[in-house]
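Reading through the structure tokens given below for one structure.
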Protein chains: 2
Amino acid sequence: MMLRPMPGADRPAAAHVSAISSLIRKGAGEVLFAEGDAQDNVYEVVRGMLRLYKLMPDGRRQVIGFLSAGQLLMASGPDGLCVSTAEAVTEVTVCRYPRAAFERLIDEIPGFARRLLALTWQALQIAHDQMLLLGRKVAMEKVASFILLLAERQHADGDPDTLDVPMTRADIADYLGLTVETVSRTFTRLKRDGLIDLPNPNLVHILDRERLEDIAAGDAGYEV
Amino acid sequence: MMLRPMPGADRPAAAHVSAISSLIRKGAGEVLFAEGDAQDNVYEVVRGMLRLYKLMPDGRRQVIGFLSAGQLLMASGPDGLCVSTAEAVTEVTVCRYPRAAFERLIDEIPGFARRLLALTWQALQIAHDQMLLLGRKVAMEKVASFILLLAERQHADGDPDTLDVPMTRADIADYLGLTVETVSRTFTRLKRDGLIDLPNPNLVHILDRERLEDIAAGDAGYEV
DNA sequence: CGAACCATTGACCCCAATCAATGAACGTGG
DNA sequence: CCACGTTCATTGATTGGGGTCAATGGTTCG
């Protein structure tokens, strides 16, 4: 489960429970938990970025989401088994809360459950939007949507049109239901067409946000 | 938002609040609410089936899910705007709860919020599984997964291998990220290969569940 | 009986996958 | 410091799975 901070909430939802938590650091590429693990914890990303994904037996991968600072993550279901794998994209610091203690707080702190419910509902909406993207958008629309999603996430640090891209092309491909090659070609095309600049693979400058938004929404204005 | 009954819960979560609810009937094809509507309600399906979907400006459609008896549906976000459209697949009876009253109950009834949270979390997991399907599975795997999903849903009424398929091929296609033609061809192929029987378009008999499950999981055993 | 809708099937085509090669960036160790 | 391996990104050539276009038949309904 992937949760984002509530709009208007100044502090992450789990800030209440720092007494029972423990801080964990992971280097890039390290696994926090894997699909099927029997560990039963709630995590909060403090610094860095995680990727959450599911695997098929033959290695096909679907990235469910990228989690950055402030986001909550319930790793396992009622049975205590993890339903996806969480891996560090960059070096990350996460805060771990034992599930049992977390659940107790739900009953004790008034309004906490409602807040969690709102967060989970929001996560569900994001998942539904991603279903539209995966099921119905073409490659160009997927990549444009992804760039705007990144932009939305980091409007805090200065220029809203300058984007850090910490994940690899393979991560992006597995998030968008494409291949590495198609993602790369699409970035190149967006650059060639003057919608973005791409000084290096991990840095994007948005040059024409309006057209990007039209493309992402499917208002087909990108055929040249 | 789409919710399913908690495992082990004998009654739908909203059964507590029947005092403030109203029953609504809709004929097949009728719209319960549409994306962007400002109505702020929680629904529970009593009888029949709903489809939930999102649209793109040019008419491309992604079906988010099919809801049958017992399932809960929070139509709108914190801003009160509906994030998807709900339409009757068959004739349906739904129970409507005003959001405000529903929210009050969350604070008043102990454990209710937690129960809703569990339901929402489960809905999120289903959405994540669907993301894997949409992003990484091939047509045959998608259709096999869909048939097994249908089977899971109606194991109550008698034969677990006899499935009612109330939705159209277009609904299925928009749920799986395919076209009507591909869905139809894939059903035909499954029938030809002896994995299912298809007496008519709305009735499926599962003949080889094990192979269907292998295909759905991606254990590629369906090339002939 | 005709209109509308739905499902199926065939012919053809195209977008994105696959296969393949190259270059850039980054350690790591001699 | 440089040779080497590894990983990542890009680009080109080719292919194929599923989309598109089109036609047919079944069913329902007015």
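By convention in this document, chain letters (A, B, ...) are assigned in the order of the sequence lines, proteins followed by strands, and residues within each chain are numbered from 1. Every value quoted in this text rests on a predicted model; they were computed, and no experiment measured them.
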Review point. Base, sugar-phosphate, or nothing for A:Gly29, non-hydrogen atoms under 4.0 angstrom?
Key: nothing

Review point. Starting at CD of B:Glu141 and ending at P of D:dG17, how long is that distance when rounded to a whole Å?
Key: 13 Å

**Study point:** Interatomic distance, B:Arg169 CZ vs D:dG19 P [rounded to whole Å]
**Key:** 16 Å

Check your understanding: What integer distance in Å separates B:Glu181:CD from D:dG19:P?
Key -> 8 Å

Check your understanding: What is the distance from CG of B:Leu190 to P of C:dT9, rounded to the nearest Å?
Key -> 13 Å

Practice item. Could you please spell out the steps behind the side chain to side chain donor-acceptor pair (under 3.5 Å) verdict for A:Ser145 and A:Lys137? Key: CA-CA 9 Å; A:Ser145 301; A:Lys137 290 187 181 178; 3.0 Å; yes

Point to revise | Sugar-phosphate, base or nothing in reach of A:Leu198, heavy atoms under 4.0 Å | key: sugar-phosphate

Check your understanding: When you match B:Arg185 and B:Ala170 each to their closest nucleotide on DNA chain C, which lands nearer the 5' end?
Key -> B:Ala170

Point to revise | side chain to side chain donor-acceptor pair (under 3.5 Å) between B:Tyr53 and B:Gln62, worked out | key: CA-CA 5 Å; B:Tyr53 61 81; B:Gln62 178 65 42; over 6 Å; no

Exercise for review: Please determine which of A:Tyr97, A:Phe33, A:Phe102 meets the ring pair (Phe, Tyr, Trp, His ring centres under 6.0 Å) test together with A:Tyr43.
Suggested key: A:Phe33

Review point. Between atom CG in B:Asp171 and atom P in C:dC6, what is the gap in whole Å?
Key: 9 Å

Practice item. Look at all strands and tell whether A:Thr188 reaches a base, only sugar-phosphate, or nothing, counting heavy atoms closer than 4.0 Å. Key: sugar-phosphate

Check your understanding: Quick one: B:Arg192 CZ to C:dG10 P, roughly how many Å, whole number?
Key -> 11 Å

Check your understanding: Rounded to whole angstrom units, what separation is found between the CZ atom of A:Arg189 and the P atom of D:dA9?
Key -> 21 Å

Exercise for review: To the nearest Å, give me how far apart NZ (A:Lys191) and P (D:dT11) are.
Suggested key: 8 Å

Exercise for review: Would you check, one step at a time, whether the test salt bridge (charged side-chain N to carboxylate O under 4.0 Å, His left out) holds for A:Asp171 with A:Arg61?
Suggested key: CA-CA 9 Å; A:Asp171 287 335; A:Arg61 187 178 70 147; 2.9 Å; yes

Check your understanding: Hey, does the Lys NZ or Arg CZ of A:Arg51 hover above the aromatic six-ring of A:Tyr175, less than 6.0 Å from the centre and inside 45° of the axis?
Key -> no

Check your understanding: Can you tell me if the side-chain N/O atoms of B:Thr179 get under 4.0 Å from OP1 or OP2 in D:dT20?
Key -> no

Review point. With respect to the side chain of A:Ser184, which nucleotide from C:dT9, D:dT11, C:dA16 is positioned closest?
Key: D:dT11

**Study point:** DNA chain D: 5'-proximal contact among A:Arg136 and A:Thr168 (nearest heavy atom)
**Key:** A:Thr168

Review point. Hey, is the side chain of A:Thr182 poking within less than 4.0 Å of OP1 or OP2 on C:dA16, counting only N and O atoms?
Key: no

Study note, to complete from the structure: Side-chain contact check for B:Val138: nearest option of D:dG18, D:dT20, D:dG12 is D:dG18

Check your understanding: What nucleic acid atoms does B:Val180 come within less than 4.0 Å of, heavy atoms only: base, sugar-phosphate, or nothing?
Key -> base

